Number of protein chains: 2
Amino acid sequence: MQDDFTLRPIGTLRTPWHDIPACPRNGRRPDPAPLCRAELLPEFIPGLLGLEGLSHLIVLYWMHHAKPSGLVFTPPFDDRERGVFATRSPRRPNPIGLSVVKFEGLDGPGVLKLRYLDCVDGTPLLDIKPYLTTTDCEPGASMGWLDMHATRNRNTQP
Amino acid sequence: MQDDFTLRPIGTLRTPWHDIPACPRNGRRPDPAPLCRAELLPEFIPGLLGLEGLSHLIVLYWMHHAKPSGLVFTPPFDDRERGVFATRSPRRPNPIGLSVVKFEGLDGPGVLKLRYLDCVDGTPLLDIKPYLTTTDCEPGASMGWLDMHATRNRNTQP
(Lines give C-alpha, C1' and ligand atoms only; values in the text may rest on other atoms or scores of the structure.)
Protein backbone atom coordinates (compact mmCIF):
# COMPACT_ATOMS: atom_id res chain seq x y z
CA MET A 1 0.00 0.00 0.00
CA GLN A 2 1.33 3.42 -0.92
CA ASP A 3 -0.14 5.52 1.83
CA ASP A 4 2.50 8.15 2.48
CA PHE A 5 0.89 10.61 0.01
CA THR A 6 4.27 12.02 -1.00
CA LEU A 7 4.94 13.00 -4.60
CA ARG A 8 8.22 13.23 -6.45
CA PRO A 9 8.74 15.45 -9.49
CA ILE A 10 9.49 13.53 -12.68
CA GLY A 11 10.64 16.64 -14.54
CA THR A 12 9.96 20.31 -15.19
CA LEU A 13 7.57 22.25 -17.43
CA ARG A 14 9.03 25.03 -19.55
CA THR A 15 6.63 27.79 -20.58
CA PRO A 16 6.93 31.44 -21.67
CA TRP A 17 5.33 32.71 -18.42
CA HIS A 18 7.57 33.62 -15.51
CA ASP A 19 4.97 34.52 -12.88
CA ILE A 20 1.29 33.88 -12.17
CA PRO A 21 -0.06 37.22 -13.51
CA ALA A 22 1.59 36.51 -16.87
CA CYS A 23 -0.09 33.11 -17.30
CA PRO A 24 -3.00 32.92 -19.76
CA ARG A 25 -6.49 32.13 -18.46
CA ASN A 26 -6.80 29.60 -21.27
CA GLY A 27 -3.68 27.94 -22.63
CA ARG A 28 -5.32 27.56 -26.05
CA ARG A 29 -5.15 31.26 -26.72
CA PRO A 30 -3.74 32.92 -28.69
CA ASP A 31 -4.23 30.48 -31.55
CA PRO A 32 -1.76 28.95 -32.34
CA ALA A 33 -0.83 28.54 -28.69
CA PRO A 34 2.85 29.03 -27.78
CA LEU A 35 5.14 26.02 -27.88
CA CYS A 36 6.04 24.74 -24.40
CA ARG A 37 8.21 21.87 -23.24
CA ALA A 38 8.23 19.13 -20.64
CA GLU A 39 11.75 18.12 -19.63
CA LEU A 40 11.90 14.73 -17.95
CA LEU A 41 14.55 13.82 -15.40
CA PRO A 42 16.88 11.29 -17.09
CA GLU A 43 15.77 8.39 -14.86
CA PHE A 44 12.17 8.66 -16.16
CA ILE A 45 12.91 8.82 -19.91
CA PRO A 46 12.30 5.07 -20.50
CA GLY A 47 8.66 5.65 -19.47
CA LEU A 48 8.05 7.56 -22.73
CA LEU A 49 8.23 4.40 -24.88
CA GLY A 50 5.13 4.12 -27.06
CA LEU A 51 4.09 7.77 -26.83
CA GLU A 52 4.45 8.30 -30.59
CA GLY A 53 1.14 8.56 -32.42
CA LEU A 54 -0.69 10.09 -29.47
CA SER A 55 -1.89 13.55 -30.47
CA HIS A 56 -2.92 14.69 -26.98
CA LEU A 57 -1.73 14.01 -23.45
CA ILE A 58 -2.87 14.82 -19.94
CA VAL A 59 -0.15 16.37 -17.81
CA LEU A 60 -0.34 16.70 -14.04
CA TYR A 61 1.89 19.16 -12.25
CA TRP A 62 2.48 20.69 -8.86
CA MET A 63 1.36 24.32 -8.70
CA HIS A 64 4.18 25.35 -6.39
CA HIS A 65 3.44 29.08 -6.66
CA ALA A 66 -0.20 28.78 -5.57
CA LYS A 67 -0.75 30.23 -2.12
CA PRO A 68 -3.16 28.43 0.21
CA SER A 69 -6.67 29.86 0.15
CA GLY A 70 -10.08 29.41 1.67
CA LEU A 71 -12.48 26.87 0.20
CA VAL A 72 -14.91 29.54 -1.00
CA PHE A 73 -14.06 32.70 -2.96
CA THR A 74 -15.30 34.95 -5.74
CA PRO A 75 -13.42 34.12 -8.98
CA PRO A 76 -11.88 37.18 -10.69
CA PHE A 77 -14.28 37.06 -13.64
CA ASP A 78 -17.39 36.29 -11.59
CA ASP A 79 -19.76 38.13 -9.24
CA ARG A 80 -20.63 35.32 -6.83
CA GLU A 81 -18.86 33.11 -4.36
CA ARG A 82 -17.93 29.63 -5.62
CA GLY A 83 -16.45 26.61 -3.91
CA VAL A 84 -12.93 25.67 -4.96
CA PHE A 85 -14.13 22.32 -6.37
CA ALA A 86 -16.42 24.18 -8.79
CA THR A 87 -13.39 26.12 -10.13
CA ARG A 88 -10.04 25.40 -11.72
CA SER A 89 -8.29 27.84 -9.40
CA PRO A 90 -4.69 26.80 -8.58
CA ARG A 91 -5.39 27.55 -4.90
CA ARG A 92 -6.79 24.17 -3.83
CA PRO A 93 -6.30 21.76 -0.90
CA ASN A 94 -3.98 19.66 -3.10
CA PRO A 95 -2.40 22.01 -5.67
CA ILE A 96 -2.30 19.48 -8.52
CA GLY A 97 -2.74 21.15 -11.89
CA LEU A 98 -4.11 19.33 -14.93
CA SER A 99 -3.87 20.28 -18.59
CA VAL A 100 -5.01 18.48 -21.72
CA VAL A 101 -2.20 19.32 -24.13
CA LYS A 102 -1.32 18.84 -27.77
CA PHE A 103 1.73 16.61 -28.16
CA GLU A 104 4.00 17.59 -31.03
CA GLY A 105 6.73 15.00 -30.61
CA LEU A 106 10.11 14.92 -28.94
CA ASP A 107 12.76 17.60 -29.08
CA GLY A 108 15.65 15.41 -28.02
CA PRO A 109 15.67 12.63 -25.42
CA GLY A 110 13.17 13.24 -22.64
CA VAL A 111 11.98 16.61 -23.98
CA LEU A 112 8.35 16.78 -25.12
CA LYS A 113 7.00 19.57 -27.31
CA LEU A 114 3.57 20.59 -25.98
CA ARG A 115 0.93 23.25 -26.60
CA TYR A 116 -1.95 24.45 -24.36
CA LEU A 117 -0.05 24.64 -21.09
CA ASP A 118 -0.96 27.67 -18.97
CA CYS A 119 1.35 27.32 -15.96
CA VAL A 120 4.44 29.15 -14.72
CA ASP A 121 7.84 28.29 -16.18
CA GLY A 122 9.67 25.83 -13.93
CA THR A 123 6.51 24.09 -12.66
CA PRO A 124 7.34 20.59 -11.33
CA LEU A 125 5.90 17.82 -13.52
CA LEU A 126 4.17 14.92 -11.74
CA ASP A 127 2.70 12.69 -14.43
CA ILE A 128 1.99 12.24 -18.14
CA LYS A 129 -1.00 10.16 -19.26
CA PRO A 130 -2.34 9.37 -22.73
CA TYR A 131 -5.53 11.32 -23.53
CA LEU A 132 -8.23 8.80 -24.40
CA THR A 133 -11.27 9.85 -26.41
CA THR A 134 -13.01 6.74 -25.08
CA THR A 135 -12.99 7.91 -21.44
CA ASP A 136 -11.78 11.53 -21.30
CA CYS A 137 -13.96 13.20 -23.94
CA GLU A 138 -17.45 14.53 -23.12
CA PRO A 139 -18.45 16.97 -25.88
CA GLY A 140 -21.97 17.38 -24.51
CA ALA A 141 -20.97 18.22 -20.95
CA SER A 142 -22.70 21.11 -19.18
CA MET A 143 -20.35 23.42 -17.34
CA GLY A 144 -22.87 24.90 -14.90
CA TRP A 145 -21.94 28.42 -13.81
CA LEU A 146 -18.89 28.31 -16.09
CA ASP A 147 -21.08 27.98 -19.21
CA MET A 148 -22.08 31.61 -18.85
CA HIS A 149 -18.45 32.68 -18.73
CA ALA A 150 -17.42 30.55 -21.73
CA THR A 151 -20.31 31.91 -23.78
CA ARG A 152 -19.32 35.46 -22.96
CA ASN A 153 -15.71 34.77 -23.95
CA ARG A 154 -16.68 33.28 -27.29
CA ASN A 155 -18.76 36.35 -28.11
CA THR A 156 -21.58 34.12 -29.27
CA GLN A 157 -25.24 34.67 -28.57
CA PRO A 158 -26.26 33.40 -25.13
CA MET B 1 5.82 28.29 -2.32
CA GLN B 2 4.29 24.89 -1.68
CA ASP B 3 7.28 22.68 -2.29
CA ASP B 4 6.83 19.86 0.18
CA PHE B 5 4.94 17.70 -2.36
CA THR B 6 2.73 16.19 0.32
CA LEU B 7 -0.92 15.47 -0.36
CA ARG B 8 -3.82 15.20 2.05
CA PRO B 9 -6.96 13.21 1.31
CA ILE B 10 -10.10 15.33 1.07
CA GLY B 11 -12.41 12.33 1.26
CA THR B 12 -13.00 8.76 0.11
CA LEU B 13 -14.36 7.15 -3.07
CA ARG B 14 -17.01 4.47 -2.63
CA THR B 15 -17.31 1.94 -5.47
CA PRO B 16 -18.64 -1.63 -5.85
CA TRP B 17 -15.11 -3.06 -6.34
CA HIS B 18 -13.21 -4.33 -3.32
CA ASP B 19 -9.91 -5.29 -4.92
CA ILE B 20 -7.94 -4.51 -8.08
CA PRO B 21 -8.91 -7.65 -10.06
CA ALA B 22 -12.58 -6.76 -9.61
CA CYS B 23 -12.20 -3.25 -11.05
CA PRO B 24 -13.49 -2.70 -14.60
CA ARG B 25 -11.02 -1.81 -17.37
CA ASN B 26 -13.39 0.95 -18.43
CA GLY B 27 -15.67 2.55 -15.83
CA ARG B 28 -18.28 3.29 -18.51
CA ARG B 29 -19.16 -0.36 -18.90
CA PRO B 30 -21.59 -1.92 -18.37
CA ASP B 31 -23.97 0.77 -19.58
CA PRO B 32 -25.48 2.21 -17.41
CA ALA B 33 -22.36 2.27 -15.27
CA PRO B 34 -22.79 1.51 -11.57
CA LEU B 35 -23.51 4.39 -9.22
CA CYS B 36 -20.50 5.33 -7.08
CA ARG B 37 -20.00 7.96 -4.42
CA ALA B 38 -17.43 10.47 -3.29
CA GLU B 39 -17.64 11.20 0.44
CA LEU B 40 -15.92 14.43 1.43
CA LEU B 41 -14.41 14.98 4.84
CA PRO B 42 -16.65 17.50 6.66
CA GLU B 43 -14.03 20.27 6.62
CA PHE B 44 -14.00 20.31 2.79
CA ILE B 45 -17.77 20.41 2.19
CA PRO B 46 -17.91 24.22 1.73
CA GLY B 47 -15.71 23.78 -1.39
CA LEU B 48 -18.66 22.18 -3.23
CA LEU B 49 -20.55 25.49 -3.53
CA GLY B 50 -21.51 26.11 -7.15
CA LEU B 51 -21.13 22.52 -8.36
CA GLU B 52 -24.80 22.28 -9.34
CA GLY B 53 -25.40 22.36 -13.10
CA LEU B 54 -22.09 20.70 -13.91
CA SER B 55 -22.80 17.41 -15.67
CA HIS B 56 -19.24 16.05 -15.53
CA LEU B 57 -16.30 16.36 -13.15
CA ILE B 58 -12.67 15.34 -13.08
CA VAL B 59 -11.70 13.46 -9.95
CA LEU B 60 -8.14 12.85 -8.85
CA TYR B 61 -7.37 10.14 -6.36
CA TRP B 62 -4.47 8.28 -4.76
CA MET B 63 -4.15 4.72 -6.04
CA HIS B 64 -3.03 3.36 -2.69
CA HIS B 65 -3.25 -0.29 -3.79
CA ALA B 66 -0.95 0.15 -6.80
CA LYS B 67 2.39 -1.55 -6.25
CA PRO B 68 5.51 0.20 -7.56
CA SER B 69 6.60 -1.03 -10.96
CA GLY B 70 9.24 -0.52 -13.61
CA LEU B 71 8.84 2.26 -16.15
CA VAL B 72 8.40 -0.17 -19.07
CA PHE B 73 6.10 -3.19 -19.19
CA THR B 74 3.79 -5.15 -21.48
CA PRO B 75 0.16 -4.16 -20.77
CA PRO B 76 -2.14 -7.17 -20.16
CA PHE B 77 -4.07 -6.66 -23.40
CA ASP B 78 -1.03 -5.89 -25.55
CA ASP B 79 1.87 -7.76 -27.11
CA ARG B 80 4.60 -5.11 -26.88
CA GLU B 81 6.42 -3.21 -24.20
CA ARG B 82 5.13 0.30 -23.48
CA GLY B 83 6.39 3.08 -21.25
CA VAL B 84 4.25 3.89 -18.25
CA PHE B 85 3.53 7.42 -19.58
CA ALA B 86 1.95 5.88 -22.70
CA THR B 87 -0.46 3.90 -20.50
CA ARG B 88 -3.08 4.56 -17.85
CA SER B 89 -1.65 1.85 -15.59
CA PRO B 90 -2.08 2.62 -11.88
CA ARG B 91 1.56 1.59 -11.31
CA ARG B 92 3.27 4.94 -11.99
CA PRO B 93 5.96 7.08 -10.33
CA ASN B 94 3.21 9.22 -8.74
CA PRO B 95 0.12 7.00 -8.33
CA ILE B 96 -2.43 9.74 -9.01
CA GLY B 97 -5.53 8.38 -10.73
CA LEU B 98 -7.79 10.51 -12.89
CA SER B 99 -11.36 9.85 -14.00
CA VAL B 100 -13.79 11.95 -16.00
CA VAL B 101 -17.08 11.16 -14.25
CA LYS B 102 -20.76 11.89 -14.65
CA PHE B 103 -22.06 13.97 -11.74
CA GLU B 104 -25.58 13.09 -10.67
CA GLY B 105 -25.99 15.48 -7.76
CA LEU B 106 -25.60 15.23 -4.02
CA ASP B 107 -26.81 12.42 -1.80
CA GLY B 108 -26.68 14.34 1.44
CA PRO B 109 -24.09 16.91 2.57
CA GLY B 110 -20.67 16.21 1.13
CA VAL B 111 -21.70 13.04 -0.71
CA LEU B 112 -21.52 13.16 -4.52
CA LYS B 113 -23.27 10.64 -6.75
CA LEU B 114 -20.89 9.72 -9.59
CA ARG B 115 -20.70 7.28 -12.49
CA TYR B 116 -17.67 6.06 -14.53
CA LEU B 117 -15.28 5.50 -11.63
CA ASP B 118 -13.17 2.36 -12.00
CA CYS B 119 -11.12 2.33 -8.78
CA VAL B 120 -11.14 0.23 -5.62
CA ASP B 121 -13.64 1.01 -2.86
CA GLY B 122 -12.03 3.18 -0.19
CA THR B 123 -9.63 4.98 -2.56
CA PRO B 124 -8.48 8.31 -1.05
CA LEU B 125 -9.88 11.33 -2.92
CA LEU B 126 -7.44 14.17 -3.70
CA ASP B 127 -9.32 16.70 -5.81
CA ILE B 128 -12.53 17.48 -7.70
CA LYS B 129 -12.42 19.81 -10.72
CA PRO B 130 -15.16 20.96 -13.10
CA TYR B 131 -14.90 19.25 -16.52
CA LEU B 132 -14.64 21.99 -19.13
CA THR B 133 -15.51 21.28 -22.75
CA THR B 134 -13.49 24.37 -23.67
CA THR B 135 -10.16 22.91 -22.52
CA ASP B 136 -10.65 19.22 -21.64
CA CYS B 137 -12.46 17.90 -24.71
CA GLU B 138 -10.56 16.71 -27.79
CA PRO B 139 -12.95 14.54 -29.87
CA GLY B 140 -10.45 14.23 -32.73
CA ALA B 141 -7.51 13.05 -30.63
CA SER B 142 -5.43 10.14 -31.89
CA MET B 143 -4.66 7.56 -29.24
CA GLY B 144 -1.57 6.05 -30.87
CA TRP B 145 -1.07 2.40 -29.95
CA LEU B 146 -4.25 2.51 -27.85
CA ASP B 147 -6.38 3.22 -30.94
CA MET B 148 -5.89 -0.35 -32.07
CA HIS B 149 -7.11 -1.66 -28.74
CA ALA B 150 -10.17 0.62 -28.63
CA THR B 151 -11.12 -0.39 -32.17
CA ARG B 152 -10.87 -4.05 -31.25
CA ASN B 153 -13.08 -3.50 -28.20
CA ARG B 154 -15.78 -1.73 -30.16
CA ASN B 155 -15.88 -4.56 -32.70
CA THR B 156 -15.82 -2.05 -35.53
CA GLN B 157 -13.92 -2.40 -38.76
CA PRO B 158 -10.29 -1.36 -38.42
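Only heavy atoms go into these numbers, but all of them, side chains included; no hydrogens, no water, no symmetry mates. Predicted model, so just to flag it, every value in this text is computed and none were measured. Lettering follows sequence order; numbering is per chain, from 1.
- A donor-acceptor pair is defined here as one N or O able to donate and one able to accept, closer than 3.5 Å; such a pair exists between the side chain of B:R92 and the backbone of A:I128.
- Most heavy-atom pairs under 4.5 Å with chain B: of the set A:I96, A:V72, A:L48, this distinction falls to A:I96.
- Here the options are A:W62, A:F5, A:Y61, the test is ring pair (Phe, Tyr, Trp, His ring centres under 6.0 Å), and the partner is B:F5; only A:W62 passes.
- Contact tally against chain A (heavy-atom pairs below 4.5 Å) for B:A141, B:S142, B:P139, B:P9: the top residue is B:S142.
- A continuous path of hydrophobic side-chain contacts links A:L54 to A:F44 [ILVMFWY only; heavy atoms under 4.5 Å].
- Electrostatic pairing of B:R115 and A:E138 does not count as a salt bridge here, judged by no charged N lying under 4.0 Å from a carboxylate O.
- Only the side chain of B:N26 comes within less than 4.5 Å of a heavy atom in chain A; its backbone stays farther off.
- To the nearest 0.5 angstrom, A:T133 atom OG1 is 6.5 Å from B:D147 atom CG.
- Annotation: maximal heavy-atom pairing with chain A below 4.5 Å, among B:G140, B:C137, B:G47, B:G27, occurs at B:G47.
- Residues B:L132 and B:L112 are members of one and the same hydrophobic cluster, defined by side-chain heavy-atom contacts under 4.5 angstrom among Ile, Leu, Val, Met, Phe, Trp and Tyr.
- Chain A forms more heavy-atom pairs under 4.5 Å with one residue of B:D118, B:L40, B:I10 than with any other, namely B:I10.
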| task | Using the side chain to side chain contact (heavy atoms under 4.5 Å, CB included) rule, take B:V59 and A:F85 through it: C-alpha gap first, then chi angles, then the decisive distance, then the call. | result | CA-CA 10 Å; B:V59 296; A:F85 303 124; over 6 Å; no

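- Of the two parts of A:L60, only the side chain, counted from C-beta on, holds a non-hydrogen atom closer than 4.5 Å to a non-hydrogen atom of chain B.
- B:M63 and B:W17 fall into different hydrophobic clusters, where Ile, Leu, Val, Met, Phe, Trp and Tyr residues are linked whenever their side-chain heavy atoms come under 4.5 Å apart, directly or through other members.
- In this structure, no portion of B:S89 lies under 4.5 Å from any heavy atom of chain A.
- B:L57 is connected to A:W145 through a chain of hydrophobic side-chain contacts under 4.5 Å among Ile, Leu, Val, Met, Phe, Trp and Tyr, so both are in one cluster.
- No side-chain donor-acceptor contact under 3.5 Å links A:D127 to the backbone of B:P93.
- Contacts with chain A were tallied for B:Y131, B:F73, B:Y116; B:Y131 has the most, counting heavy-atom pairs under 4.5 Å.
- Across every non-hydrogen atom of A:R28 and B:T134, the tightest pair is CD-O, 3.7 Å.
- In this structure, no portion of A:S99 lies under 4.5 Å from any heavy atom of chain B.
- For a residue to count as touching a neighbouring chain, one of its non-hydrogen atoms must lie under 4.5 Å from one of that chain's; by this rule A:R82 touches chain B with backbone and side chain alike.
- Highest contact tally toward chain B, considering only A:I45, A:L51, A:D136, is held by A:D136 [criterion: heavy-atom pairs under 4.5 Å].
- Contacts between B:E81 and chain A at a heavy-atom distance below 4.5 Å involve backbone atoms as well as side-chain atoms.
- Proximity to chain A involves both the backbone and the side chain of B:V84, based on heavy atoms less than 4.5 angstrom apart.
- A continuous path of ILVMFWY side-chain contacts below 4.5 Å connects B:L125 to B:L41, so both sit in one hydrophobic cluster.
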| message | Run B:R88 and A:I58 through side chain to side chain contact (heavy atoms under 4.5 Å, CB included) and show every step you take. | response | CA-CA 10 Å; B:R88 293 290 276 261; A:I58 298 173; 3.9 Å; yes

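- Put simply, of A:L7, A:T135, A:L71, A:T6, the one with the most heavy-atom pairs under 4.5 Å next to chain B is A:L7.
- Among A:P130, A:P124, A:P46, the residue making the largest number of heavy-atom pairs under 4.5 Å with chain B is A:P130.
- Comparing B:S55, B:G70, B:G53, B:G50 by how many heavy-atom pairs each has under 4.5 Å with chain A, the most go to B:S55.
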